[in-house]
Amino acid sequence: MGKQARDRSRDLRKAQTAIAEQRGKRRPLVVGGITVIVVLLVAIVVAVVNAVGDRDPATSSGALVAPKSATAAGALVLGQAAAPVRVEVYLDYMCPFCGRFEQANSGELDKLMADGTVRLELYPLSFLDRMSEGSRYSTRAANAVATVADRAPEKAAAFNEALFDNQPQEGTEGLSNARIAELAQQAGVPQDVVDVLDDHIFEPWIAKSTEAVFDTGISSTPTVKINGEVFKGDLYTVGALTQAVIAAKGQQ
């Protein structure tokens with residue numbers, strides 16, 4: 001018998017004992033009212049115990065663990081730490097404009113990371129959970145990316161791109177956990193890492209990071225910064241961001 005089942009049985013026994021005691025102590029005229037009250041208390045105890053047992057592990061653990069590559073500000077670091085240009089990308093995996101940004105720029109950013117020009121800092125946010133019909137897709141996808149960044153960082157960029165290549169429409173339930181795992185496998189993520197995507201390891205960290213990001217004044221996604229300055233150019237046309245990055249490198 002599990003701990004929750006034992007706790008439930010203990011609580012029910014206590015409630016039943018209370019009923020018996022009240023029946024012995026009160027006059028018949030009063031017993032009916034007391035019995036009703038105690039029965040209601042039993043129902044409340046059972047409901048609470050069942051609710052605790054049925055809660056999602058992600059919301060019951062509360063343990064806040066940060067990915068190994070994470071910054072104090074809440075970013076996942078990809079690329080060489082010593083790269084001369086730091087590009088910060090604030091995104092939500094349910095955000096359609098983030099999908100457009102990725103289509104235009106992910107390939108360019110891959111090249112700039114590969115040649116040592118760019119250190120990419122991804123901020124996976126979860127504020128669009130409200131747009132996935134209760135499935136918390138933004139949180140689930142962000143947790144998956146954080147898990148890969150923590151345990152297989154060399155595959156994080158490819159997995160990030162795979163999620164956007166298969167991005168669900170805003171207002172739907174989003175991709176299932178099984179589909180997220182399948183995309184991770186296709187991106188080359190090792191099976192032992194895929195196996196823990198559903199463990200919700202970094203969901204508390206995602207929630208805290210999302211709150212911290214918006215506290216800094218970020219109000220929309222995608223938002224892109226180059227060496228700390230918001231990029232105000234074209235986010236959705238190939239080449240515009242690359243030119244700005246090259247210009248920033250030249251200023252070093």
Side-chain angles (χ1 to χ4, degrees), residues 65-93 95 97-126 141-165 184 187-190 193 201-202 205-206 208-252:
V65 181
K68 294 185 185 74
S69 67
T71 68
L76 301 173
V77 179
L78 310 181
Q80 300 177 23
V85 181
R86 179 167 58 97
V87 175
E88 301 167 70
V89 180
Y90 299 79
L91 53 82
D92 188 301
Y93 289 99
C95 165
F97 289 97
C98 296
R100 288 179 56 193
F101 169 81
E102 288 290 326
Q103 289 174 2
N105 295 287
S106 61
E108 296 288 300
L109 287 172
D110 284 345
K111 294 175 184 177
L112 292 166
M113 283 192 290
D115 70 14
T117 298
V118 161
R119 162 188 163 126
L120 180 61
E121 297 186 359
L122 288 183
Y123 288 82
L125 308 180
S126 60
N143 170 75
V145 172
T147 303
V148 173
D150 178 72
R151 303 192 177 197
E154 72 283 359
K155 301 298 182 183
F159 181 41
N160 173 70
E161 292 166 23
L163 287 173
F164 278 113
D165 286 343
V189 177
V193 179
I201 298 170
F202 299 110
W205 177 80
I206 293 294
K208 180 180 179 181
S209 297
T210 297
E211 181 180 358
V213 163
F214 281 96
D215 284 345
T216 68
I218 298 293
S219 59
S220 63
T221 56
T223 292
V224 178
K225 294 182 180 181
I226 300 176
N227 289 337
E229 297 294 327
V230 174
F231 173 62
K232 298 181 180 180
D234 188 347
L235 292 173
Y236 311 113
T237 300
V238 177
L241 179 60
T242 301
Q243 292 173 6
V245 167
I246 294 172
K249 181 180 179 182
Q251 296 171 3
Q252 299 299 310

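- Residues that satisfy the side chain to side chain contact (heavy atoms under 4.5 Å, CB included) test with Asn143, not counting sequence neighbours, are Thr147, Phe202, Glu203.
- Taking both residues in full, the closest heavy atoms of Ala149 and Ala156 are given as CA-CB, 4.0 Å, listed atom of the first, atom of the second, then distance.
- Of all heavy-atom pairs between Pro124 and Ile206, the closest is O-CD1, 3.8 Å.
- Salt-bridge formation is detected for the pair Glu121/Arg119: a Lys NZ or Arg NE/NH1/NH2 atom is positioned less than 4.0 Å from an Asp or Glu carboxylate oxygen.
- Applying the salt bridge (charged side-chain N to carboxylate O under 4.0 Å, His left out) test to pairs two or more places apart or on separate chains, those with a residue in residues 141-162 are Lys68-Asp150.
- Qualifying ring pair (Phe, Tyr, Trp, His ring centres under 6.0 Å) partners for Tyr90, counting only residues two or more places apart in sequence or in other chains: Tyr123.
- Between the CD1 atom in Ile218 and the OG1 atom in Thr221 there is a gap of 10.0 Å [rounded to 0.5 Å].
- Across all non-hydrogen atoms, the minimal contact from Asp92 to Leu125 is OD2-O, 3.3 Å.
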Exercise. Using the side chain to side chain contact (heavy atoms under 4.5 Å, CB included) rule, take Val89 and Lys225 through it: C-alpha gap first, then chi angles, then the decisive distance, then the call.
Key: CA-CA 7 Å; Val89 180; Lys225 294 182 180 181; over 6 Å; no
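- Taking both residues in full, the closest heavy atoms of Asp115 and Leu112 are given as OD1-O, 2.7 Å, listed atom of the first, atom of the second, then distance.
- With sequence neighbours excluded, no residue forms a ring pair (Phe, Tyr, Trp, His ring centres under 6.0 Å) with Phe101.
- Here the shortest heavy-atom pairing between Gly116 and Gln80 reads CA-NE2, 3.8 Å.
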Anything under 3.5 Å between a donor and an acceptor, one on a side chain of residues 227-251, the other on a protein residue two or more places apart or in another chain? List them.
residue, atom, partner, partner atom, Å
Asn227, OD1, Arg86, N, 2.8
Asp234, OD1, Tyr236, N, 2.8
Asp234, OD1, Thr237, N, 3.3
Asp234, OD2, Thr237, OG1, 2.5
Thr242, OG1, Glu108, OE1, 2.8

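- Between Ser69 and Pro153, the closest side-chain pair of non-hydrogen atoms is not below 4.5 Å.
- To the nearest 0.5 angstrom, Leu120 atom CG is 10.5 Å from Ser106 atom OG.
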For residues 70-78, tabulate all N or O donor-acceptor pairs below 3.5 Å that involve a side-chain atom, not counting sequence neighbours.
residue, atom, partner, partner atom, Å
Thr71, OG1, Ala73, N, 3.3
Thr71, OG1, Gly74, N, 3.3
Thr71, OG1, Ala75, N, 3.1

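- For Thr223 (side chain) and Ser220 (main-chain N/O), a donor-acceptor pair under 3.5 Å exists by modelled atom type.
- Gln103 contributes atom CD, which lies 11.5 Å from atom SG of Cys98 (distance to the nearest 0.5 angstrom).
- Within 6.0 Å of atom CZ in Phe97, 12 or fewer heavy atoms from other residues, nucleotides or ligands are found, so the atom counts as exposed in its surroundings.
- If you take CZ on Phe164 and SG on Cys95, they are separated by 7.0 Å, rounding to the nearest 0.5 Å.
- Contact between Val145 and Tyr93 at its shortest, heavy atoms only, is CG2-OH, 3.2 Å.
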